[in-house]
Amino acid sequence: MATERYNPREVEPRWQKQWTEDKIFETQNDDPREKYYVLEMFPYPSGRIHMGHVRNYAMGDVVARFKRARGYNVLHPMGWDAFGMPAENAAMKNKIHPKNWTYENIATMRGQLKSMGLSLDWSREFATCDVEYYQHQQALFIDMMEKGLVYRKNSKVNWDPVDMTVLANEQVIDGRGWRSGALVEQRELTQWFFKITDFAQDLLDQLDHLDQWPEKVRLMQRNWIGRSEGLTLRWAVVAETAPTGIDEISVYTTRPDTLFGASFLAISADHPAAKAAAEKDPAIAAFCEECQHAGTSLAALETAEKKGMDTGIRVTHPFDDNWQVPVYIANFVLMDYGTGAIFGCPSGDQRDLDFANKYELPIVPVVLPTGMSEDAFTVTTEAYAGDGTMINSRFLNGLDTETAFQTVADKLSSTLLNGAPQAERKVNFRLRDWGISRQRYWGCPIPVIHCEVCGVVPVPKKDLPVKLPDDVTFDVPGNPLDRHPTWRHVGCPQCGKPARRETDTMDTFVDSSWYYTRFTAPWETQPTDVAAANAWLPVDQYIGGIEHAILHLLYSRFFTRAMRETGHVGLAEPFKGLFTQGMVVHETYSRGEGAQREWIEPAQIRIEEIDGKRRALLLDGGDEVAIGAIEKMSKSKKNVVDPDDIIASYGADTARFFVLSDSPPDRDVIWTEAGVEGAHRFVQRVWRLVSESAEQMMSVVSNPAKEGEALALSRAAHRTLMQVQGDYERLAFNKAVARIYELVNALAQPLTTIAAGKADQAMVEAGKNAVEILLHIIAPMTPHLAEECWRVLGNSGLIAQATWPSYDESLVAENEITLPVQINGKKRADLTIARDAGQSQIEEAVLALDSVKAALDGKAPRKIIVVPQRIVNVVV
RNA sequence: GCGGACGUGGCGAAACUGGUAGACGCAAGAGACUUAAAAUCUCUCGGGCUUGGCUCAUACGGGUUCGAUCCCCGUCGUCCGCACCA
């Protein structure tokens with residue numbers, strides 16, 4: 001009867017081997033059962049998995065195993081988001097080829113994931129840097145080109161003159177390249193763009209129907225798309241002030257109602273009128289230059305002074321030919337939003353007001369806040385941007401802002417200027433088209449050829465893939481594809497003359513925008529097997545970090561739409577359910593101050609409590625170090641715990657169980673050594689209780705008790721089964737864990753009695769039934785432990801393939817309930833009564849209680865409130 | 001600046017979204033077993049008091065309600081997203 005301690009180092013690999021040999025997680029597309037697609041955001045192969053991965057994949061695995069037990073045909077695949085800059089950085093630093101670096105990392109991380117015992121279908125695995133994958137991405141690109149969803153245009157980019165590359169905005173820190181530290185220049189380059197703005201309205205509208213997404217994410221996307229309704233309004237330039245070729249300036253406004261409050265126009269330094277004015281006036285040219293070199297960093301934007309310069313240009317007010325308005329170049333006007341020009345109404349916009357005060361422009365209040373008198377209302381330093389009644393606005397006076405908006409829009413839409421309507425209603429989006437050109441080697445080559453005669457020619461599909469050449473060097477900065485001796489030279493597919501390949505590669509976000517579709521038929525010779533994609537998609541449950549709330553998820557939503565337009569899938573929304581998990585965080589330890597500060601790894605520390613205060617001491621030498629803030633695990637703060645170490649010392653089940661317990665899954669979880677030990681104690685306890693009693697239970701039938709001593713045990717098991725089932729459906733893993741602890745606590749006594757051979761037949765049968773339920777509900781979280789316990793109970797099959805048990809209704813429902821009894825809203829007593837007792841029966845019983853009698857003191861109660869199955873409140 | 005979320009014991013958190021506040025875990029304390037330690041088991045564990053009971057307590061101040069951690073108004077604090085978007 002005495003059993004050994006549970007040894008995960010021996011047990012876990014054994015079951016992993018069995019699962020692999022039996023191929024039980026390999027999913028068939030022709031399986032007739034109802035489908036369920038669960039997916040965790042695939043990892044970037046940076047080198048080793050971290051605790052964030054463990055948490056992410058543990059959650060997905062619980063869902064996959066649970067749904068499988070519930071009878072679904074579950075698709076749970078894994079792959080690698082394998083293109084990107086770190087591989088090239090490693091190449092430059094360590095003289096290793098990006099391809100080797102990447103595939104070596106994948107091999108390492110695959111092994112690590114396998115040691116977690118995840119129920120993944122490894123037969124569908126791929127990496128985005130596999131030619132077999134990116135060739136299809138190139139085909140998609142060509143199809144999208146044909147549908148007009150791809151185009152080229154000149155665009156301003158952040159250019160790092162040292163690394164000789166374009167940088168993303170996130171890679172520019174305080175105006176300098178994040179790697180080189182060089183001052184970043186603004187350069188105009190011809191870049192490839194995806195027309196995501198074609199779908200702006202639909203991407204916005206469909207957010208309302210994504211009801212299994214976190215509200216937070218939907219809101220972030222809504223803001224990012226940034227829809228606004230307004231007017232483009234053309235202002236005639238006063239002829240004698242006009243630069244060459246400029247006879248009107250078009251502005252975008254969401255507040256045409258405030259048109260009579262206009263005191264200036266402001267245009268971007270990149271606006272054609274500004275450029276024209278600059279040609280004539282060196283001072284203006286100098287100002288434009290200054291605007292263009294202004295820092296793009298957050299700090300620079302925050303503190304940047306609003307600056308402007310009068311161009312000398314004057315425009316005529318749309319409603320008054322005798323009213324001239326000055327045109328300024330302003331450093332805060334963006335060329336790529338609206339028309340690159342605005343009209344300023346100082347009384348209604350704080351920024352316009354600051355500008356007007358600085359350059360002594362008129363401030364005319366035009367909107368009177370409701371409930372204020374016109375005499376008392378002035379605008380000096382604080383603008384009023386709200387709604388109200390129009391004043392100082394001629395024919396608009398007395399109208400509300402909304403009516404005034406429509407009046408102005410109607411009038412100017414039917415007024416002609418230079419032969420066209422002076423204004424047009426216009427919906428604008430903040431969302432910009434997606435620039436995908438990257439001047440990098442380690443990415444998917446953009447499959448086009450530049451021919452001097454034919455222009456831009458897509459690579460014919462029969463010539464795909466455009467493979468990355470292997471023989472590249474990284475000893476000098478810049479894009480190795482650009483300086484490759486032969487790769488870029490190619491014959492034009494149309495005219496046959498010498499031409500050159502596009503050397504830009506695609507943004508890695510393109511790779512991750514459709515991988516979930518590829519998983520549905522990774523063997524297919526086309527990008528997708530449409531039938532398979534339509535059958536599996538949408539992903540029922542997608543799980544990943546909140547950091548992808550906007551870009552990855554929005555790009556994927558766009559891509560599915562683009563793939564629908566090109567006939568590769570039949571739906572628009574790829575992810576039905578989305579869950580954003582919290583991070584794994586850890587205390588930080590350090591010694592020293594300021595620049596001398598040295599961060600210390602948790603593995604080198606032991607925690608002791610001295611005089612009631614937690615202290616961190618170095619293992620080596622025992623010096624005390626400072627305990628710092630709890631932060632996201634990061635290499636720089638050294639507060640990382642390596643999953644390999646945890647799995648080696650405690651096993652995968654303990655690691656999985658711990659990251660799922662304690663914190664709600666969408667919140668951060670604090671990694672502590674004590675917490676892990678707690679999880680490990682649980683694993684050991686379950687093993688001990690089950691293995692010690694298994695021999696007694698092995699030969700009996702599993703049977704819940706309906707009466708007698710064992711009833712409580714059966715009730716606890718079946719109630720827990722019902723609750724945990726609900727918790728898993730809602731991804732409330734922490735609650736499931738709490739209830740499982742409760743059940744194990746309830747099982748401890750009976751199982752000990754059974755193990756000692758002192759229990760009667762009914763108890764042993766009920767015990768076996770309860771243990772089986774326990775194993776089923778822990779199996780998704782701690783699959784190896786469940787499998788091992790399942791075996792010692794005498795089962796020959798795998799619990800990973802067993803069907804989820806159903807709970808017995810009669811054991812879940814209580815015949816008698818205990819109602820709390822309140823007097824004036826404060827709990828004073830309990831009342832145990834039949835579950836189906838009627839209102840009057842309950843009232844009678846309540847009035848008979850001693851404490852109620854005492855409180856009433858012979859008087860009748862004012863009111864008795866009975867909430868069925870909940871509570872009774874007596875109002876005295 | 002705009003938008004959003006959150007605030008409950010020493011700590012992570014529960015409370016079926018208006019019905020017994022603190023389940024479960026961690027930490028701590030006491031005890032049992034042991035030559036000893038580990039492991040295991042039992043008990044205590046928000047504050048106060050006149051302690052078999054009463055009372056206060058869910059950031060703070062109000063309100064609605066028979067009843068508020070939950071709804072409403074205000075204040076403070078923390079975190080997140082966007083950020084010159086016209």
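Because the structure is a prediction, the values reported are computed rather than measured. The figures that follow rest on heavy atoms only: side chains count, while hydrogens, waters and symmetry mates do not. Naming convention: chains lettered A, B, ... in sequence-line order (proteins, then strands); numbering from 1 in each chain.
Within 4.0 Å (heavy atoms only), I865(A) reaches at least one base atom of the nucleic acid. Contacts of V867(A) with the nucleic acid, taken as non-hydrogen atoms under 4.0 Å apart, include base atoms. Residue-level contact check: E742(A) touches the backbone only, with heavy atoms under 4.0 Å from sugar-phosphate atoms and none from bases. Counting any heavy atom pair closer than 4.0 Å across all strands shown, R862(A) reaches no nucleic acid atom. At a threshold of 4.0 angstrom between heavy atoms, the contacts of D349(A) with the nucleic acid are absent. Using a 4.0 Å heavy-atom distance criterion, G678(A) is classed as a sugar-phosphate-only contact. Among the atoms of the strands shown, only primed sugar atoms or phosphate atoms (P, OP1, OP2) are found under 4.0 Å from some heavy atom of N745(A). No contact: S661(A) has no heavy atom under 4.0 Å from any strand. Note on V821(A): nothing from the nucleic acid sits closer than 4.0 angstrom, heavy atoms only.
Contact between the side-chain N/O atoms of R218(A) and the OP1/OP2 oxygens of G4(B) is not found at any separation under 4.0 Å. A close approach under 4.0 Å does not occur between any side-chain nitrogen or oxygen of R739(A) and OP1 or OP2 of A23(B). Listed pair R685(A) / C41(B) meets the phosphate criterion, a side-chain N or O lying under 4.0 Å from OP1 or OP2. Remark: Y252(A) is not in phosphate contact with A86(B), judged by side-chain N or O atoms under 4.0 Å from OP1 or OP2. Distances shorter than 4.0 Å separate none of the side-chain N or O atoms of R667(A) from OP1 or OP2 on C79(B). Between K216(A) and the phosphate of G4(B), there is no side-chain N or O to OP1/OP2 separation shorter than 4.0 Å. The phosphate of A14(B) has OP1 or OP2 within less than 4.0 Å of a side-chain N or O from N734(A).
Residue A674(A) is the one, among A674(A) and R432(A), whose nearest nucleotide of RNA chain B lies closer to the 5' end (criterion: closest heavy atom). When each of A679(A) and M335(A) is assigned the nucleotide of RNA chain B with its nearest heavy atom, A679(A) is the one assigned upstream, toward the 5' end.
Computed from coordinates, the L431(A) CG to G81(B) P distance equals 19 Å when rounded to whole Å. D666(A) places its CG atom 15 Å from the C1' atom of G4(B), with the value rounded to the nearest Å. If you take OH of Y328(A) and P of A86(B), they are 23 Å apart, rounded to a whole angstrom. Separating the CD atom of E677(A) from the C1' atom of G12(B) is a distance of 16 Å, rounded to the nearest angstrom. Going from atom CD1 of I630(A) over to atom P of C26(B) covers 18 Å, rounded to whole Å. Atom-to-atom, CG of D668(A) to P of C6(B) comes out at 15 Å; the value is rounded to the nearest Å. Atom CD of E587(A) is separated from atom C1' of C11(B) by 11 Å (rounded to the nearest Å). C41(B) atom P lies 13 Å from atom CG of L747(A), rounded to whole Å.
Taking atom P in both U8(B) and C60(B), one finds a spacing of 10 Å when rounded to whole Å. Look at the P atom in both C70(B) and A15(B): the space between them is 15 Å, to the nearest Å. With both ends at atom P, the span from C6(B) to C72(B) equals 11 Å, rounded to whole Å. Rounded to whole Å, the separation between the P atoms of G22(B) and A57(B) comes to 15 Å. One P atom belongs to G48(B), the other to G10(B), and the distance between them is 11 Å to the nearest Å. Separating the P atom of U17(B) from that of C71(B) is a span of 13 Å, rounded to the nearest Å. Comparing A13(B) with G25(B), their C1' atoms sit 8 Å apart, to the nearest whole Å. Of the C1' atoms belonging to A14(B) and G74(B), the separation is 29 Å, rounded to the nearest Å.
The side chain of Q822(A) lies closest to G19(B) when the candidates are C26(B), G19(B), G12(B). Nearest to the side chain of K306(A), among C84(B), U40(B), G12(B), sits C84(B). Closest to the R828(A) side chain, of the nucleotides C84(B), C54(B), A23(B), is C54(B). Closest to the I670(A) side chain, of the nucleotides G67(B), A86(B), G12(B), is G12(B). For I550(A), taking side-chain heavy atoms from C-beta onward, the closest of the listed nucleotides C84(B), C41(B), G81(B) is G81(B). Taking only side-chain atoms of I871(A), from C-beta outward, the nucleotide of U20(B), G67(B), C41(B) with the closest atom is U20(B). Of the candidate nucleotides A83(B), A86(B), G12(B), A86(B) has the atom nearest to the side chain of T253(A). Here the side chain of S228(A) is nearest to one of C66(B), A13(B), A86(B), namely A86(B). The nucleotide whose nearest atom lies closest to any side-chain atom of P820(A) is, among U20(B), C66(B), C80(B), U20(B). Listed candidates were A86(B), A15(B), C82(B). Nearest to the side chain of K735(A) is A15(B).
Between R55(A) and D668(A), none of the side-chain N atoms (NZ, or NE/NH1/NH2) sits under 4.0 Å from a carboxylate O, so this pair counts as no salt bridge. A salt bridge is defined here as a Lys NZ or Arg NE, NH1 or NH2 lying under 4.0 Å from an Asp or Glu carboxylate O, and E215(A) with R218(A) meets this definition.
Ring pair Y328(A)/F355(A): centre-to-centre distance below 6.0 Å. Between W213(A) and F579(A), a ring centre-to-centre spacing not shorter than 6.0 Å is recorded.
In this structure, G22(B) forms no base pair with any nucleotide, since neither Watson-Crick nor G-U wobble geometry is met with both distances under 3.5 Å. Searching all strands for a Watson-Crick or G-U wobble partner of U34(B) with both distances below 3.5 Å returns nothing. The partner of C85(B) cannot be assigned: no Watson-Crick or G-U wobble pair with both contacts below 3.5 Å exists in any strand. Within the shown strands, G4(B) is the pairing partner of C79(B) under the Watson-Crick or G-U definition, both distances less than 3.5 Å. Under the Watson-Crick and G-U wobble criteria, each requiring two contacts below 3.5 Å, nucleotide C60(B) is paired to G74(B). With a cut-off of 3.5 Å on both Watson-Crick or G-U wobble distances, the partner of A39(B) is given as none.
Each of Y650(A), F733(A), W671(A) was evaluated against F658(A); a single residue qualifies, W671(A), per the ring pair (Phe, Tyr, Trp, His ring centres under 6.0 Å) test.
Relative orientation of the W687(A) and Y6(A) rings is tilted, given thresholds of 30° and 60° on the angle between their planes. In this structure, F682(A) and F657(A) have parallel ring planes: the angle between them is below the 30° cut-off, well short of the 60° mark.
Taking the side chain as every heavy atom from C-beta outward, H271(A) and T339(A) never approach each other to under 4.5 Å. Between Q822(A) and V874(A), every side-chain heavy-atom pair lies at or beyond the 4.5 Å cut-off.
For G48(B), the base adopts the anti conformation, since its glycosidic angle falls more than 90 degrees from zero.
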Side chain to side chain donor-acceptor pair (under 3.5 Å) assessment of Y589(A) paired with E587(A)
CA-CA 7 Å; Y589(A) 311 102; E587(A) 268 180 343; 2.8 Å; yes
